[in-house]
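The structure under discussion appears below in the form of structure tokens.
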Amino acid sequence: RIGMQSDLHQMDAIIGQFLDYAKPTDSSTFTTINLAGLIADCAQAAGRMPDLQIKTNLPAHAAVRGHATDLKRVFNNVIENARRYGRAADEDITQLDIDCEVSGGNVNITLRDHGPGVPEEDIDRLLRPFTRMDTARGQANGAGLGLAIVDRVIRRHEGKLRVRNAEGGGLNIKITLPTA
């Protein structure tokens with residue numbers, strides 16, 4: 001019974017990812033959002049997990065126009081990916097740094113874990129739909145849509161997403177959105 005419940009939970013999560021990926025965004029309903037506050041809320045909620053420690057450097061206010069629910073999904077997806085795959089080999093807890101700054105008409109957010117990173121030749125694949133980089137792991141905990149959803153939502157908000165390995169190890173994700 002417990003196994004069936006776990007399987008149903010995983011299927012529900014995968015179906016949710018499919019729906020999130022296919023969901024259109026209606027920019028006529030965008031509102032002004034304090035992105036710094038939204039990120040702080042996501043970080044605070046995720047920081048309650050025992051295997052994740054988040055350090056933030058956020059301004060008091062960073063206004064963008066968009067859908068709060070969609071942007072919250074973006075940061076929750078990136079944080080969850082870091083929690084799952086961004087742990088350093090010698091650590092029990094994933095360390096995640098989130099920095100946000102307002103500069104030149106943009107809000108720039110950088111999320112960096114301290115894990116093993118991704119082989120350089122595979123970085124572009126991370127943003128492709130249905131791509132999972134953890135094929136050696138037996139658990140099918142997703143459909144490989146997490147970062148594809150992030151990329152799609154950011155582009156719908158007229159922003160940019162950049163993924164690269166961080167100097168000294170880990171994955172560095174930079175999101176740039178225009179200010180409101």
Under 3.5 Å, which donor-acceptor pairs link side chains of residues 160-175 to any protein atom two or more places apart or in another chain?
from: Asn165; atom 1: OD1; to: Val118; atom 2: N; distance (Å): 2.9
from: Asn165; atom 1: ND2; to: Val118; atom 2: O; distance (Å): 2.6
from: Asn165; atom 1: ND2; to: Glu120; atom 2: OE2; distance (Å): 2.9

Identify, with sequence neighbours excluded, every residue that meets side-chain hydrogen bond (donor to acceptor under 3.5 Å, both in side chains) alongside Thr176. Asn108
Please list, chain by chain and in numerical order, all residues satisfying side-chain hydrogen bond (donor to acceptor under 3.5 Å, both in side chains) with Thr179, sequence neighbours excluded. none
Mind checking side-chain hydrogen bond (donor to acceptor under 3.5 Å, both in side chains) for Gln53 and listing every partner two or more places apart, or none if nothing turns up? Gln95
Does Asn81 reach the side chain of Val78, with side-chain heavy atoms less than 4.5 Å apart? no
Rounded at 0.5 Å granularity, tell me how far CD in Glu80 sits from CG in Leu52. 8.5 Å
Student check: side-chain heavy atoms of Arg112 and Leu96 closer than 4.5 Å: no
When rounded to the nearest 0.5 angstrom, what is the spacing between CG in Asn57 and CG in Asp97? 9.5 Å
Set out, in order, the CA-CA distance, both residues' side-chain angles and the distance that settles side chain to side chain contact (heavy atoms under 4.5 Å, CB included) for Ile33 and Leu38, then state yes or no. CA-CA 8 Å; Ile33 300 162; Leu38 184 142; 4.1 Å; yes
Val74 and Ile154, any side-chain heavy atoms less than 4.5 Å apart: yes
Gap separating the CD1 atom of Ile93 from the CG atom of Asp51, nearest 0.5 angstrom: 8.0 Å
Tell me the closest heavy-atom pair linking Ala82 and Thr94, and the distance in Å. O-CG2, 3.2 Å
Give a yes or no on whether a salt bridge exists between Arg83 and Asp113, defined as a side-chain N under 4.0 angstrom from a carboxylate O. no
Under the criterion side chain to side chain contact (heavy atoms under 4.5 Å, CB included), I'd like the reasoning laid out for Arg65 against His157: C-alpha separation, chi angles, the key distance, then a yes or no. CA-CA 8 Å; Arg65 293 206 35 88; His157 284 78; over 6 Å; no
Are any of the side-chain heavy atoms of Cys100 and Val107 separated by less than 4.5 Å? yes
Out of curiosity, Ile79 CD1 to Lys72 NZ, how far, rounded to the nearest 0.5 Å? 10.5 Å
Does Asn34 have any side-chain hydrogen bond (donor to acceptor under 3.5 Å, both in side chains) partners at least two apart in sequence or in another chain, and if so, which? His61
In chain order, what residues pass the side chain to side chain contact (heavy atoms under 4.5 Å, CB included) check against Thr56, with sequence neighbours excluded? Ala43, Ile54, Leu58, Ile98
Starting from Met49, can I reach Phe75 by hopping between I/L/V/M/F/W/Y residues whose side chains sit under 4.5 Å apart? yes
Quick one: does His114's side chain get under 4.5 Å of Glu91's, heavy atoms only? no
Can you measure from CG (Asp151) to CG (Asn77) and round to the nearest 0.5 angstrom? 12.0 Å
Which pair of non-hydrogen atoms, one from Pro59 and one from Ala36, has the smallest distance, and what is that distance? O-CB, 3.3 Å
